[in-house]
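Reviewing the structure listed below.
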Amino acid sequence: MTHGYTTGTPESTPSYGVPTPPPTPAPAAAAGAAGAAAAAAPRKPGRDRYLDLLRSIALVRVVVYHLFGWAWLSVLFPSMGVMFALAGSLMARSLSRPAASVIRGRLRRLLPPLWAFSAVVLVMMFAGGYNPLKDPDTGGTWGIVDLFNYIVPIGAPPYPEHLGSESGLLEGSWAVQACGPLWYLRAYLWFVVASPLLLWAFRRVPWATLLAPLGLTAIVGTGLVSIPGETGNAITDFTVYGGCWVLGFAHHEGMLQRVPRYVAVSCATLVMAFGLWWASGHLGPDGWDLNDIPLAQATWSFGFVVILLQYSPSWQELPGRLAKWDKLVTLANNRAVTIYLWHNLLIMATVPIIDQGYNLPFMQSERASAALDSTYTLWTFVLVWPLIGLAIVSFGWIEDIAAKRSPRLWPNGAKRGGSRHKA
């Protein structure tokens, strides 16, 4: 997940190091050279609306995937790879400043929203009878120490596999569903801390740094080398999405733009084809869900992101019909952490609300109950968005405080009076 906006780097940016001064152009080429220089001039800093749009699509896809569970969505749009790539691009831009201050800034933006979420979830778990001292996996003193991951997600936070009763307001697996997505914050934190070293390596051996995560995934994500427990899960996540994170570096540094488009797209297509081929022989319990097939996820996401960034138009404003989505895109980007943290818990919160429909007077017939049964998931989809909006109003302002901005309830980019605010 990203916490800001990137602008990319113009195609004229030199590779790495000091470029050799170009020869003086001949008089006949002066006009053409001047035009090329103007076209290659750096764009004004600001929000890249193409990347903003990708981030918004990724967030919506995550919500839809967790709601419907459609395995094919992981193939249609690999959201996590896209979000890690956008975050990597932003991180590369930020590392023009001292690395320590950049890491502190990222932690400051990430942790307060997590603390608010953790406070609510932990109170709910403790009220439901959860005792970390008696956790079957990490009980005793280690169970208490493990709660630190709700404060700084360096590892996986503990939660009960079953809590409460099936007849309660929330189903027994609600803690698993609510806390499961926190793996993303752990992976993001690892990437942020590793970014100064990764960017240093990328600027010296770019291709090796870019492709190394795919090679490591082939080792740790296929069972060739098995690392048990949550440590193994964390390392696998780091390798699976490491290529996408470094692709963000390549996008910001202008490396992708220097590769001929037909070469980049052709190679990316081959990598994606390999991912699908590998997945076809290693289908998990949910079939073509690439989240269960690390090497397929890594290669498919890598190739997909290459194509998205290769065609990156770096819009200053959303063009054409996309302009009508401008405010929602801005809102999603300003509240990306809040949406990601709360969406799964809010999906489950729709269940007791929709269940009240069975108690309505006109719903007492078998036909009416069957109609609600058949459209239950659709009603969940409809209801979860206003609940996400409520979470944005209730908790989203914490993202502003964390970023040292004035708190805003609904930061969709519109000022009072209708003019657009570039948040």
Side-chain angles (χ1 to χ4, degrees), residues 1-4 52 55-69 79-80 83 87 108-128 150-151 153 157 159 163-164 168-171 173-186 188 325 327-356 377-403 405-414 423:
M1 182 152 315
T2 56
H3 307 284
D52 283 355
R55 191 178 295 112
S56 301
I57 294 173
L59 282 169
V60 171
R61 206 284 281 159
V62 167
V63 176
V64 173
Y65 171 81
H66 285 151
L67 175 60
F68 293 100
S79 284
M80 307 317 295
M83 290 197 291
R108 189 187 68 241
R109 288 169 177 259
L110 176 69
L111 296 183
L114 172 63
W115 295 339
F117 175 80
S118 298
V120 172
V121 169
L122 286 173
V123 167
M124 292 174 62
M125 288 196 298
F126 292 149
Y150 282 103
I151 302 174
Y159 47 81
L163 189 64
L169 285 178
L170 295 175
E171 62 178 271
S173 64
W174 74 264
V176 177
Q177 301 297 324
C179 301
L182 294 182
W183 73 266
Y184 174 80
L185 274 69
R186 174 192 64 198
Y188 176 83
W325 301 99
K327 291 181 180 179
L328 287 178
V329 169
T330 301
L331 178 66
N333 279 269
N334 281 326
R335 292 295 180 258
V337 179
T338 299
I339 293 171
Y340 185 83
L341 280 172
W342 290 93
H343 77 275
N344 237 22
L345 184 60
L346 296 175
I347 288 173
M348 288 176 290
T350 64
V351 174
I353 298 174
I354 298 174
D355 282 350
Q356 296 304 310
T377 306
L378 177 61
W379 285 110
T380 301
F381 176 78
V382 171
L383 186 58
V384 73
W385 299 108
L387 291 182
I388 288 175
L390 182 61
I392 288 173
V393 173
S394 302
F395 301 101
W397 54 270
I398 298 174
E399 291 193 54
D400 292 326
I401 299 297
R405 294 191 298 256
S406 298
R408 300 163 294 173
L409 291 181
W410 198 255
N412 63 354

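- Using a 4.5 Å cut-off on side-chain heavy atoms (C-beta onward), L59 and H343 make no contact.
- For the residue pair E399 and A336, the shortest heavy atom distance occurs at OE2-N, 3.9 Å.
- P411 and N334 get closest at one heavy-atom pair: O-ND2, 3.0 Å.
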What do the steps show when you test V351 against L170 for side-chain contact (heavy atoms from CB on, under 4.5 Å), and what is the final call? CA-CA 7 Å; V351 174; L170 295 175; over 6 Å; no
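- Within the 3.5 Å criterion, the main-chain N or O of L328 finds no donor-acceptor partner in the side chain of N412.
- Note: F381 and W385 have perpendicular aromatic rings, judged against thresholds of 30 and 60 degrees for the angle between ring planes.
- Under 3.5 Å, the side chains of N333 and S56 contain a donor-acceptor pair of N or O atoms.
- The minimum heavy-atom distance linking P181 with H66 is given by the pair CG-CE1, 4.3 Å.
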Can you list, pair by pair, the side-chain donor-acceptor contacts under 3.5 Å of residues 116-127, counting residues two or more places apart and other chains?
unit_1	atom_1	unit_2	atom_2	d
S118	OG	L114	O	2.9
S118	OG	Y150	O	2.9

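- With values rounded to the nearest 0.5 angstrom, L409 atom CG is found 10.0 Å from W397 atom CH2.
- Residues I347 and T380 approach most closely at O-CG2, 4.1 Å, considering heavy atoms.
- Across all their heavy atoms, P157 and L182 have their closest contact at CG-CD1, 3.6 Å.
- Separation of atoms CD1 (I398) and OG1 (T338) is listed at 7.0 Å; rounding is to 0.5 Å.
- For the pair R186 and Y188, the cation does not sit on the ring face, since its NZ or CZ is not both under 6.0 Å from the ring centre and inside 45° of the axis.
- Here the straight-line distance linking atom CD1 of I57 with atom CZ of R61 works out to 11.5 Å at 0.5 Å rounding.
- The distance from atom CG of L67 to atom CG of L346, rounded to the nearest 0.5 Å, is 12.0 Å.
- Distance CG/L383 to CG/L378: 11.0 Å, rounded to 0.5 Å.
- Heavy atoms only, all atoms of each residue included: C179 and Y159 are closest at CB-CD2, 3.4 Å.
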After noting the C-alpha distance and the side-chain angles of W379 and T350, does the key distance pass the side-chain contact (heavy atoms from CB on, under 4.5 Å) rule? CA-CA 9 Å; W379 285 110; T350 64; over 6 Å; no
Could you walk me through whether I388 and R335 pass side-chain contact (heavy atoms from CB on, under 4.5 Å), step by step? CA-CA 10 Å; I388 288 175; R335 292 295 180 258; over 6 Å; no
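- We find that D400 and R109 are not joined by a salt bridge, their nearest charged nitrogen and carboxylate oxygen being 4.0 Å or further apart.
- A donor-acceptor pair is defined here as one N or O able to donate and one able to accept, closer than 3.5 Å; such a pair exists between the side chain of W115 and the backbone of I151.
- Once rounded to the nearest 0.5 Å, the distance linking CH2 of W342 with CG of L390 reads 10.0 Å.
- Proximity of L110 to L185: side-chain heavy atoms (C-beta onward) are separated by under 4.5 Å at one or more points.
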